[in-house]
Amino acid sequence: LADVIYVKPEACGTGDGSSWANAKGDLQDAVMAVKGGDEVRVAKGVYYWKSYVDVPAVVFSLFGGYAGEDDDEAPDELANRTIISGDTGKNDQWVVYNLRKRALEGVTTPERTLGPVIVNGELSLPDESQLTDDEMVTIDTSLVTDNVQIMHCYSGNSGRDWCRPTIRGLWFVSAATGWRGAAIYVDSYYFLAENCHFIGCKADNGLVYVGNGKGDGRTMFRNCEFKWNITNRGILYLAGNDYVVENVRIVGALHSSLVTACAVVLDGGSGIRMSDFLIEKCYSESATTSPAAGIGGGPLSGSTFENGVIRHCWSRSATAATAINACHASVNNKALRFKNLLIASNHNVQMPDKPIVCRGIVALGHDGNSLEGCTLLDNEVICLPTKTCKSVVAGTVSLTMREDGKAEPQQPYRNVVNCTFQGNEITFPNGDGGADVTAANSILVYGPTGGNPLECIIANCTFVGGTD
């Protein structure tokens with residue numbers, strides 16, 4: 001029979017977990033002992049994950065936000081923070097980076113240190129009112145060598161149907177891994193994360209990695225917050241089909257080295273539905289590849305992203321688009337709809353030393369992708385070409401061919417419909433270096449000489465403060 005298991009920071013009574021009065025005192029041990037259908041309720045406080053382990057591949061629930069007093073009490077994750085920390089050394093510190101200096105001047109060292117992540121058994125969150133629009137907070141990466149991955153849930157290729165965790169009301173803090181899923185790795189058809197917070201973590205391949213989603217949209221993120229994290233390949237990494245992402249906030253993410261994206265990585269499949277989201281102060285950089293600070297990856301088809309905000313993000317890379325990069329050299333993303341988005345005050349820094357097509361802030365790329373009812377406001381593409389760069393092609397929104405020139409026989413149109421453009425700029429603060437420049441402050445339609453025909457529809461758009 002399924003059990004309800006109660007956990008507190010310190011064991012109480014018999015310590016068998018049968019009630020708050022007899023709560024277990026070790027969260028990791030409690031999770032490792034779950035059976036199919038068990039529900040683990042966790043009281044407020046800080047719980048240090050001891051080491052990397054495979055969580056049992058069963059259907060189970062892990063709920064936080066309890067005061068730990070009444071067995072029938074309702075949870076409140078804001079009033080009763082249930083914090084699961086991967087900081088085994090208990091020494092993590094907050095630091096501040098200046099994104100403008102990093103993008104334009106290559107300054108990779110923190111501006112200042114703010115203090116410990118955990119103080120007196122409580123999560124210490126920095127005061128955001130003390131930050132400028134160009135500043136973001138994250139953890140000091142020099143101190144995370146002893147941090148561990150928190151939840152690794154893998155059941156093997158034959159058992160993914162049975163690996164179905166549901167988590168709610170938890171704060172994942174200071175998790176780290178050199179592979180997939182610093183806070184959570186789930187290789188499962190079904191997964192639900194609701195009212196959870198992911199703060200100050202570091203991952204090389206997805207802070208939260210969910211693989212093999214399929215079928216009916218039962219893999220879902222709802223009312224979750226991702227804040228002040230570091231990743232080499234996505235904060236939210238979705239590999240598979242039919243994910244539903246609702247009311248998610250991704251704020252303050254630092255990304256470097258690899259391709260794809262900083263905030264949301266889409267890795268194959270179709271049927272992604274993402275709505276009511278915020279992506280803010282995300283930073284992406286690469287000297288050779290094309291990562292986006294916002295949404296990118298692929299191949300992906302038949303997916304919708306709507307009613308969201310992408311703002312104050314930065315990218316510094318070879319060709320990437322900052323907010324949305326649906327265009328890759330060898331990846332065919334098609335039938336992607338971006339609807340009713342506010343894309344504002346984002347920056348794309350290009351430092352080309354050879355001819356370049358800069359995809360700007362939004363790159364639609366391939367078959368049937370569309371931008372509908374969106375507002376693009378005060379975005380900036382900053383071009384700093386060297387003297388060896390002979391040509392620069394740039395636009396705030398770019399409708400471009402595949403770089404490999406392959407034919408795209410299905411749904412050939414890239415659509416920009418009912419959109420508003422205001423205050424967007426392509427700038428050359430140090431001059432063009434003698435390069436041949438093709439630039440559009442609003443929409444760039446570009447196909448390489450000798451390539452396949454490029455078809456697009458631009459309709460019912462408003463252009464304020466510009467003529468292109």
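Here the structure is a predicted model, which means the values were calculated and not measured.
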query = With the threshold set at 4.0 Å, does a side-chain nitrogen-carboxylate oxygen contact exist between E285 and R102?
reply = yes
key: Pair K24 + D16: basic N to acidic O under 4.0 Å   =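 No.
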Residues which pass side-chain hydrogen bond (donor to acceptor under 3.5 Å, both in side chains) with [X], listed by chain and number, not counting sequence neighbours:
| X | result |
| --- | --- |
| Y47 | none |
| Q93 | none |
| N195 | N223 |
| D127 | S129 |

Can you list everything that forms a side chain to side chain contact (heavy atoms under 4.5 Å, CB included) with [X]? Sequence neighbours excluded, please.
| X | value |
| --- | --- |
| E122 | none |
| E69 | A67, E73 |
| H347 | R100, W314, E380 |
| S174 | S85, D87, D92, V117, N147 |

With sequence neighbours excluded, what pairs up with [X] under the salt bridge (Lys or Arg N to Asp or Glu O under 4.0 Å) test?
| X | result |
| --- | --- |
| E225 | K227, R249 |
| K50 | D26, D29 |
| R222 | E194, E246 |
| D71 | none |

inquiry  = We want to know whether N424 and N379 form a side-chain donor-acceptor pair, criterion being a heavy-atom distance below 3.5 angstrom.
reply    = yes
